[in-house]
Amino acid sequence: MPELTNEPATATPATPATHAPADAAGIAFIVDYLLTKRPDLDSIDPDLDLIESRVLDSLGFVNFLYALEEHTGREISLDQVSPEDFRTVNRIAKRFLHDVIDD
């Protein structure tokens, strides 16, 4: 399992390389948002289990969901998501940012 580190996170694009700059921006948004909520961390590995490591908890989830909606410009229905969609930074990017990138 990836660990929390004091070294900068490196992001792996979640979609094809033709969308790499947008993916990198989306991943940076997610990581930056989470780091502002967890100032005790210096970085977040894109494959770290955010739920198990408690980087994202139930209250943080609701706030993050609103921020993600603002970032994407789209409403995210709770009926259409599962905790698995929010396990890692890479999963969040793949699930919620690829549609924004493809528009």
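- Sorted by first and then second residue, the salt bridge (charged side-chain N to carboxylate O under 4.0 Å, His left out) pairs involving residues 78-93 (not counting sequence neighbours) are Asp49-Arg87, Glu84-Arg87, Glu84-Arg91, Asp85-Arg95.
- The structure places CG of Leu97 at 8.5 Å from CD1 of Ile92, a figure rounded to the nearest 0.5 Å.
- Here the CD1-CG distance, from Ile27 to Asp32, works out to 11.5 Å after rounding to the nearest 0.5 Å.
- Residues Ile30 and Leu59 are members of separate hydrophobic clusters, defined by side-chain heavy-atom contacts under 4.5 angstrom among Ile, Leu, Val, Met, Phe, Trp and Tyr.
- Atoms CG and CD1, on Leu34 and Ile44 in that order, are 4.5 Å from each other to the nearest 0.5 Å.
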Q: Run the numbers on Ile51 and Phe61 for side-chain contact (heavy atoms from CB on, under 4.5 Å), then give the verdict.
A: CA-CA 9 Å; Ile51 297 168; Phe61 170 76; over 6 Å; no
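- Annotation: the span from Ser43 atom OG to Arg38 atom CZ amounts to 12.0 Å, rounded to 0.5 Å.
- The CG atom of Leu68 lies 12.5 Å from the CD atom of Glu75; values are rounded to the nearest 0.5 Å.
- Shown here for Phe86 and Leu65, the closest heavy-atom pair between the two residues is CZ-CD1, 3.9 Å.
- In plain terms, the two heavy atoms of Ala67 and Tyr33 that are nearest each other are CB-CE1, 3.6 Å.
- The shortest side-chain heavy-atom distance between Val55 and Phe64 does not fall under the 4.5 Å cut-off.
- Note that the OG1 atom of Thr88 and the CG atom of Leu48 stand 8.5 Å from one another [nearest 0.5 Å].
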